[in-house]
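Beneath this line is the structure, given in structure tokens, with notes to follow.
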Amino acid sequence: MFSNEVLIPRVIWAQRKDVVYLTIEVFEVKYENIEIQGNTVVFSGVRGSDEAKFGVSLELYGEIDANKSKINVGHRDISLVLAKVEK
């Protein structure tokens with residue numbers, strides 16, 4: 001693997017009327033950066049065990065309220081609960 005190569009992590013999603021659930025699967029992520037703006041979610045991070053770089057940009061159907069959304073960084077993945085602006 002080249003040191004400049006950015007890998008795309010597996011992303012799982014589900015939704016309800018008021019929220020979108022995203023799970024970004026990256027084991028032992030460190031230096032994570034998650035940006036939520038309008039209808040776009042951008043993730044970048046580095047895996048701790050081998051310094052592999054990960055990144056993904058997701059364009060959602062509707063706008064997200066970043067202030068009401070929640071992010072949880074765990075050992076095996078990153079869970080996001082994204083609050084929709086319109087139901």
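- The heavy-atom pair separating L7 from P9 by the smallest distance is O-CD, 3.6 Å.
- With hydrophobic clusters built from ILVMFWY side chains whose heavy atoms lie under 4.5 angstrom apart, V73 shares a cluster with L58.
- Every pair tested for side chain to side chain donor-acceptor pair (under 3.5 Å) that includes a residue from residues 56-78 fails, sequence neighbours excluded, so the list is empty.
- Hydrophobic cluster membership of F27, counting Ile, Leu, Val, Met, Phe, Trp and Tyr whose side-chain heavy atoms lie under 4.5 Å apart directly or via other members: none, as it forms a cluster of its own.
- I8 and V42 sit in two unconnected hydrophobic clusters of ILVMFWY residues. Membership requires side-chain heavy atoms under 4.5 Å apart, directly or through other members.
- Taking CD1 of I64 as the reference point, atom CD of Q37 lies at 12.5 Å (rounded to 0.5 Å).
- A continuous path of Ile, Leu, Val, Met, Phe, Trp and Tyr side chains, each step under 4.5 Å between heavy atoms, connects V56 with F54, placing both in one hydrophobic cluster.
- In this view, E32 satisfies the side chain to side chain donor-acceptor pair (under 3.5 Å) rule with no residue, not counting sequence neighbours.
- Among residue pairs with one or both ends in residues 19-30, those qualifying as side chain to side chain donor-acceptor pair (under 3.5 Å) are K30-E51; sequence neighbours excluded.
- For the atom pair CH2 of W13 and CD1 of I24, the computed distance is 14.5 Å after rounding to the nearest 0.5 Å.
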Item to check | Residues V11, L22; criterion side-chain contact (heavy atoms from CB on, under 4.5 Å); working and verdict | outcome: CA-CA 7 Å; V11 178; L22 286 181; 4.0 Å; yes
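- For the atom pair CD1 of I34 and CZ of F43, the computed distance is 6.5 Å after rounding to the nearest 0.5 Å.
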Could you list the donor-acceptor pairs under 3.5 angstrom formed by side chains in residues 79-87, with sequence neighbours left out?
| unit_1 | atom_1 | unit_2 | atom_2 | d |
| --- | --- | --- | --- | --- |
| K84 | NZ | Q15 | OE1 | 2.9 |
| K84 | NZ | R16 | O | 2.8 |

